[in-house]
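Reviewing the structure listed below.
Atoms within each ligand, like the ligands themselves, are counted from 1 in listed order. Worth saying up front: this structure is predicted, and the values here are computed from it rather than measured. The figures that follow rest on heavy atoms only: side chains count, while hydrogens, waters and symmetry mates do not. Numbers here simply count residues along the sequence, with the first being 1.
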Amino acid sequence: MKITAIRGFRDILPDESGLWQVLTSQARASFSTYGFSEIILPLLEKTELFARAIGETTDIVEKEMYTFTDRDDSSLTLRPEGTASVIRAYIEHSLHQKEPVSKLFYIGPMFRRERPQKGRYRQFHQIGAEILGRDDALIDAELLLMLNDFFTALRLDVSIDVNSLGCATCRPRYRERLRTFGESKFAALCENCHGRLQRNPLRILDCKEEGCRHATIDAPILADFLCDPCRQHFGQVQTLLHNERVKITVNPRLVRGLDYYCRTSFEVLALGLGSQNAVCGGGRYDGLVEQMGGPAIPGIGFAIGVERLAMLLQAQERQNAEAPDMFIAPMGEVAENQAFAVARRLRQDGYRIELESGRRSLKAQMRRADKLAVPYVLILGENEITAGKGTVRDMQTKTDRSLAVDLSASAQDMMKAIRASDV
Ligand code: HAM
């Protein structure tokens with residue numbers, strides 16, 4: 001019988017590994033502009049490290065770790081994430097004594113025994129980054145800015161969801177309030193959430209079960225419970241990003257599956273990835289270094305899932321490859337006739353042209369053109385067309401310019417004029 005790979009463990013074949021190269025190189029390039037250096041960590045650690053750092057009652061530690069007893073009876077675990085190992089190394093090598101702020105990144109495989117599905121594997125890879133030694137809002141904003149730069153450089157359209165998870169002063173009050181709320185909805189919650197109510201009530205906000213989502217729709221939100229310093233901190237992070245025109249979405253229901261987070265927490269979500277749409281997760285963990293036996297040093301970081309990122313890039317490339325060369329948006333009946341003739345002329349020469357009905361609004365047509373990822377839209381307005389003109393919109397730069405529509409010109413000349421970037 002032939003031997004196959006273990007369930008949830010994938011081979012990255014040559015047709016995919018090139019893409020991985022592209023995105024890890026981009027990560028190295030983006031991170032180095034912010035002063036990060038690489039740390040290379042072991043794959044195996046003592047089990048205790050993850051139990052203490054991630055939290056005994058998290059799904060990862062309770063159900064998903066690959067743990068085994070070594071020949072000397074010690075319990076070892078294949079790392080399910082990188083943050084715990086970074087903190088261990090940071091304390092073990094007293095990195096805080098060498099520099100007041102450490103900015104470290106890592107790239108490598110992680111192991112979680114989850115139920116495999118598209119975008120979720122038992123061995124997966126992360127590109128992670130951690131900053132130790134600063135707790136001001138500026139550094140949180142900088143880290144999010146770096147993430148934004150990275151996704152922008154890859155031309156990926158993502159949504160950065162952020163929330164503040166408060167601190168040891170304000171969160172306990174919220175946790176109790178949420179527990180009381182959850183108990184009032186007990187019958188509507190799933191069995192998993194019954195357990196969560198006892199162990200970590202915040203996680204009921206994160207349940208994927210329809211019944212739980214419905215029952216917690218009007219749950220109290222943490223934002224209303226934040227103490228003044230946490231509120232200020234979060235406000236400043238948002239202002240800094242807003243000033244840099246980084247689009248973030250404040251999601252008051254965002255909670256994380258690992259216990260160590262406080263204050264700024266975030267997830268990067270991608271459209272078109274199905275249910276496994278989180279390409280990156282992270283946040284602040286101010287008490288963790290101390291809890292792990294080190295000095296009271298704050299930290300913040302994130303990890304990007306490489307498999308999901310590669311899937312996203314592939315989907316985008318596919319979409320670009322299939323996109324029409326041009327979209328024609330006629331406005332009204334006269335323009336429609338002209339558009340019909342232009343489309344026919346161009347298609348005869350093999351150009352892929354998408355033609356819309358002149359009865360749809362320009363806004364609706366543009367939305368569709370955006371969705372199809374076309375590079376150019378030829379807008380034919382009623383008045384313009386009688387003057388033998390149209391407008392070309394460059395969809396990448398979102399700029400318009402006027403164009404003479406000459407049906408006696410060859411298809412190539414017509415396309416050339418449309419694609420000419422500056423006329
Ligand atoms: P996490 O949210 O558990 O955070 O994982 C980060 C990312 O790893 C996820 O957003 C996802 O893209 C990817 N990922 C997680 N599990 C799987 C899986 N089974 N298959 C494929 N991809 C997966 C952490 O791991 C934290 N250590 C992040 C962090 C760093 N927080 C602070 N610093």
Side-chain angles (χ1 to χ4, degrees), residues 6-10 12 20 23 27 31 36 39 41 45 49-50 53-55 58-61 63-66 78-90 102-132 139-140 143-144 146-147 150-151 156 158-163 165 203 206 254-270 273-289 292 298-313:
I6 306 166
R7 186 162 131 84
F9 286 63
R10 291 171 70 234
I12 315 298
W20 280 48
L23 46 94
F31 298 178
F36 280 74
I39 180 164
L41 300 156
E45 297 271 8
L49 172 71
F50 302 114
I54 301 172
T58 55
D59 283 353
I60 298 179
V61 173
K63 305 186 257 194
E64 297 168 359
M65 293 204 307
Y66 282 95
L78 275 171
R79 61 179 189 191
E81 58 111 47
T83 312
S85 302
V86 171
I87 308 279
R88 185 213 28 82
Y90 180 78
S102 298
K103 296 180 183 174
L104 304 164
F105 79 89
Y106 49 91
I107 300 177
M110 308 290 159
F111 306 84
R112 295 185 194 173
R113 205 175 189 293
E114 295 189 77
R115 202 156 47 81
Q117 64 178 82
K118 191 163 179 267
R120 196 208 277 154
Y121 309 100
R122 291 182 169 176
Q123 173 178 302
F124 60 97
H125 296 71
Q126 285 186 342
I127 301 174
E130 316 286 348
I131 302 174
L132 292 141
I139 201 74
D140 295 26
L143 190 75
L144 284 162
M146 178 170 96
L147 255 186
F150 172 71
F151 285 104
L156 287 176
V158 292
S159 152
I160 304 180
D161 279 20
V162 294
N163 193 17
L165 294 185
R203 297 281 296 159
D206 199 27
L254 189 151
V255 292
R256 305 267 305 127
L258 302 87
D259 278 353
Y260 49 60
Y261 292 108
C262 63
R263 291 199 164 173
T264 316
S265 299
F266 49 89
E267 258 169 13
V268 181
L269 306 173
L273 275 194
S275 59
Q276 304 306 312
N277 66 344
V279 273
C280 168
R284 179 157 282 292
Y285 45 82
D286 289 347
L288 187 59
V289 179
M292 299 305 290
I300 183 168
F302 63 74
I304 299 166
V306 181
E307 282 78 3
R308 293 185 193 175
L309 191 63
M311 269 165 59
L312 195 61
L313 275 164

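- Residues satisfying the salt bridge (Lys or Arg N to Asp or Glu O under 4.0 Å) criterion with Arg308, sequence neighbours excluded, are absent altogether.
- Arg203 is linked by a salt bridge (Lys or Arg N to Asp or Glu O under 4.0 Å) to Asp206, counting only residues two or more places apart in sequence or in another chain.
- Residues Pro80 and Arg112 have side chains in contact (heavy-atom distance under 4.5 Å, counting atoms from C-beta outward).
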Distance-only criterion, 3.5 Å: show the donor-acceptor pairs between side-chain atoms of residues 122-129 and protein atoms not counting sequence neighbours.
unit_1	atom_1	unit_2	atom_2	d
Arg122	NE	Glu114	O	2.7
Arg122	NH2	Glu114	O	3.3
His125	ND1	Glu307	OE2	2.8

Note every protein N or O atom lying under 3.5 Å from an N or O atom of ligand 1, pairing the names and giving the distance.
unit_1	atom_1	unit_2	atom_2	d
ligand 1	2 (O)	Arg256	NH1	3.1
ligand 1	2 (O)	Arg256	NH2	2.9
ligand 1	3 (O)	Arg112	NH1	2.9
ligand 1	3 (O)	Arg112	NH2	2.9
ligand 1	4 (O)	Arg256	NH2	3.0
ligand 1	5 (O)	Gln126	NE2	3.2
ligand 1	8 (O)	Gln126	NE2	3.2
ligand 1	10 (O)	Ala278	O	3.3
ligand 1	10 (O)	Cys280	N	3.4
ligand 1	12 (O)	Ala278	O	2.8
ligand 1	12 (O)	Val279	O	3.3
ligand 1	12 (O)	Gly305	N	3.4
ligand 1	19 (N)	Glu114	OE2	2.7
ligand 1	19 (N)	Tyr121	O	2.8
ligand 1	20 (N)	Tyr121	N	3.0
ligand 1	25 (O)	Arg112	NH2	3.0
ligand 1	25 (O)	Gln126	NE2	3.1
ligand 1	27 (N)	Glu81	OE1	2.5
ligand 1	27 (N)	Thr83	OG1	2.9
ligand 1	27 (N)	Tyr260	OH	3.0
ligand 1	31 (N)	Tyr261	OH	2.6
ligand 1	33 (N)	Thr83	OG1	3.2
ligand 1	33 (N)	Glu130	OE1	2.8
ligand 1	33 (N)	Glu130	OE2	3.0
ligand 1	33 (N)	Gly301	O	3.4
ligand 1	33 (N)	Phe302	N	3.3

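- Considering only heavy atoms from C-beta on, Ser102 comes within 4.5 Å of Tyr90 through its side chain.
- Salt bridge Arg263/Asp286: absent, no basic N to carboxylate O contact under 4.0 Å.
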